[in-house]
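Here the structure is laid out as structure tokens; the discussion comes afterwards.
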2 protein chains.
Amino acid sequence: MTPRRPFRREGEEARRAALINATLDCIADGGPQAATVRAIALRAGVTQGLIRHYFATKEELVAAAHEHLMTGLTKASAAALDALPPDPLVRLAGFVGNAVSPPVADPRSMALWAASMQLVVRDPAMRQGHERSYLAFRDQLEALIADALRAADKPADPATTRRLAIAGNALLDGLWIEASALPDMFATDEIRATAIHAFESLLGLKLQE
Amino acid sequence: MTPRRPFRREGEEARRAALINATLDCIADGGPQAATVRAIALRAGVTQGLIRHYFATKEELVAAAHEHLMTGLTKASAAALDALPPDPLVRLAGFVGNAVSPPVADPRSMALWAASMQLVVRDPAMRQGHERSYLAFRDQLEALIADALRAADKPADPATTRRLAIAGNALLDGLWIEASALPDMFATDEIRATAIHAFESLLGLKLQE
DNA sequence: ATAGTATTTATGCGAACGTATAATAACTTT
DNA sequence: AAAGTTATTATACGTTCGCATAAATACTAT
């Protein structure tokens, strides 16, 4: 004779968003195996039956959460670019510095990224998505590198900028991982300085922050 | 009245090794959630009860597998160094090239690494282990960098070599991830050339492969 | 106000999980 | 050769998982 739990109808959009965010929170906290339908529902403030109403299977929900995460990261990166001044050398330095500093570098993002990488290795569809977002980021970096080289009157032919973008992207990935996984090992300033200094060496020019 | 399955006593050492390898295979194939006691036992050619006989809990087995993986990677890296000639410039180029090429770079290692990174973010004990192996690799790289700089009559003070080791390690990590996660995107030679060329820029000297 | 809709809760089911325990057979020792 | 030890198999137990379905209630339209 326990009273039935009261509720409000929040609408499809809000509920889907809440479920997706709850899924990401669960994965970030305890890994993919902690993202059970019951735990997700609890976090989203609903009961588990509701998940079935908006997503046919749990797998579908996880895929939607992954997509949401990826597009969110790309958007955040683009928005950060908008806030930078027009000088190419300053823009590149700012972009590089941001990529290895909080809030871009943080343990939660790292945990989510590691979780998604596991799927990427195994699932061709996930791999395609990863490839797309990887290329989007790298193309952004390549454009910034080309602008910086031209601003310094240096050659910026496609073969050069491509190679620099691949190496620069790898450098940022690696520093981001180290800064996120071992946050106590480096000061934020040290990682930023290391990243910018390395880019100066790679491009053979002086950047301004 | 089905006959009981025949067996042989293999001894503690062999059985522990078989169980650990089976665990890693399961994780590499299907992620941590695929490493169930039943799947591990099947792969190791035993029945599930035996796991309990050698490991008090599944968690203990997974931790042992993780440790085995890490020490194995460190050993492989050191062994590869032994095979290189004494010239510092050649050694560094060889070390850098190997780090981003098969068999070091391959999807299985990548999957295992991604799985372990999840634990690293969450578990302090795992993080300590990760930190140790990270530093071991970086120190190795720093020594090679210092030797290469000295061989080229360049300054190799500790502050410089440390910063170069951090950046160089990050670069190798990033390229290794890209080469492993997206093996069809780059030719092996391209990744090797990119890595060596980037190190030349970072150190300001010409390497020989 | 009332009826209708479909969002949401509540409950249940079968499978698979980690772990515990008992039975058995392959070795070892005497 | 017989007895003893323990590595190994076999079976069972309780929990939790994803998913299915039925019941109820908040909202919408008339």
Side-chain angles (χ1 to χ4, degrees), chain A residues 1-27 29-66 115 118-119 122-123, chain B residues 1-27 29-66 115 118-119 122-123:
Chain A
M1 248 8 176
T2 57
R4 192 188 177 96
R5 158 181 178 157
F7 63 92
R8 289 179 37 200
R9 299 189 173 189
E10 298 284 0
E12 174 161 356
E13 208 169 345
R15 279 279 132 93
R16 292 182 81 97
L19 289 173
I20 284 174
N21 285 326
T23 302
L24 292 176
D25 284 342
C26 286
I27 294 176
D29 271 19
Q33 76 276 20
T36 67
V37 291
R38 286 165 177 85
I40 293 168
L42 183 66
R43 243 191 163 101
V46 298
T47 54
Q48 59 158 319
L50 195 62
I51 290 181
R52 234 316 241 178
H53 190 256
Y54 288 111
F55 299 93
T57 67
K58 181 195 162 189
E59 191 180 11
E60 194 176 291
L61 169 58
V62 170
H66 180 76
Q118 291 196 103
L119 305 178
R122 258 179 297 281
D123 180 356
Chain B
M1 244 17 174
T2 57
R4 191 188 179 96
R5 158 184 180 154
F7 62 93
R8 289 179 37 200
R9 300 192 173 189
E10 298 285 358
E12 172 160 358
E13 208 170 344
R15 279 278 131 96
R16 291 183 81 97
L19 289 172
I20 284 174
N21 285 326
T23 302
L24 291 176
D25 283 343
C26 284
I27 294 176
D29 272 17
Q33 75 278 19
T36 67
V37 290
R38 286 165 177 84
I40 293 169
L42 183 66
R43 238 186 168 105
V46 298
T47 55
Q48 58 158 320
L50 194 63
I51 290 180
R52 240 308 248 182
H53 191 257
Y54 288 110
F55 299 93
T57 67
K58 180 194 162 191
E59 191 179 11
E60 194 175 291
L61 168 57
V62 170
H66 180 79
Q118 291 197 101
L119 304 179
R122 224 161 278 116
D123 180 356

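Just so we're clear, the structure is a prediction, and the values are computed from it rather than from any experiment.
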Nearest heavy-atom contact between B/Gln118 and A/Pro32 is OE1-CD, 3.0 Å

Worked check of side chain to side chain contact (heavy atoms under 4.5 Å, CB included) between A/His53 and A/Val46
CA-CA 12 Å; A/His53 190 256; A/Val46 298; over 6 Å; no

First locate atom CZ of B/Arg38, then atom OG1 of B/Thr47, and finally report the distance between them rounded to the nearest 0.5 Å.
11.0 Å

Atom of A/Ala34, atom of A/Gly30 and distance for their closest heavy-atom approach:
CB-O, 3.4 Å

For a quick test of reading the model, state the closest non-hydrogen atom pair linking B/Arg15 to B/Arg8 and the distance between them.
NH1-O, 3.5 Å

Heavy-atom closest contact (A/Ala115 atom, A/Ile27 atom, distance)
CB-CG2, 3.7 Å

Donor-acceptor under 3.5 Å (B/Lys58 side chain, B/Ile51 main chain):
no

Between B/Ala22 and B/Ile40, what is the shortest heavy-atom contact and its length?
CB-O, 3.6 Å

Would you jot down, in residue-number order, the residues of residues 16-27 of chain B having a non-hydrogen atom under 4.0 Å from DNA chain C?
none

Between N or O atoms, less than 3.5 Å apart, protein on one side and nucleotides 16-19 of chain C on the other: list the pairs.
from, atom 1, to, atom 2, distance (Å)
C/dG18, OP1, B/Lys58, NZ, 2.7
C/dG18, OP2, B/Val37, N, 2.8
C/dG18, N7, B/Arg38, NH1, 3.0
C/dG18, O6, B/Arg38, NH2, 3.0
C/dT19, OP2, B/Lys58, N, 3.0
C/dT19, O4, B/Gln48, OE1, 3.0

State, yes or no, whether a side-chain contact exists between B/Asp29 and B/Arg43 at a heavy-atom distance under 4.5 Å.
yes

Could you list where the contact with chain A starts and ends along DNA chain D, reading 5' to 3', using a 4.0 Å heavy-atom cut-off?
D/dC17 to D/dC27

For A/Ala44 versus A/Leu19, what's the shortest heavy-atom pair and its separation?
CB-CD2, 3.8 Å

Tabulate protein N/O versus nucleotide N/O from nucleotides 4-8 of chain C, keeping only pairs under 3.5 Å, one per line.
from, atom 1, to, atom 2, distance (Å)
C/dA6, N3, A/Arg9, NH2, 2.8
C/dT7, OP2, A/His53, NE2, 2.9
C/dT8, OP1, A/Arg8, O, 3.4
C/dT8, OP1, A/Glu10, N, 2.8
C/dT8, OP1, A/Arg15, NH1, 2.7
C/dT8, OP2, A/Tyr54, OH, 2.4
C/dT8, O5', A/Arg15, NH1, 3.4

According to side chain to side chain contact (heavy atoms under 4.5 Å, CB included), who are the partners of A/Ala17, at least two apart in sequence or on a separate chain?
none

A/Glu12: partners by side chain to side chain contact (heavy atoms under 4.5 Å, CB included), with sequence neighbours left out
A/Arg16, A/Tyr54

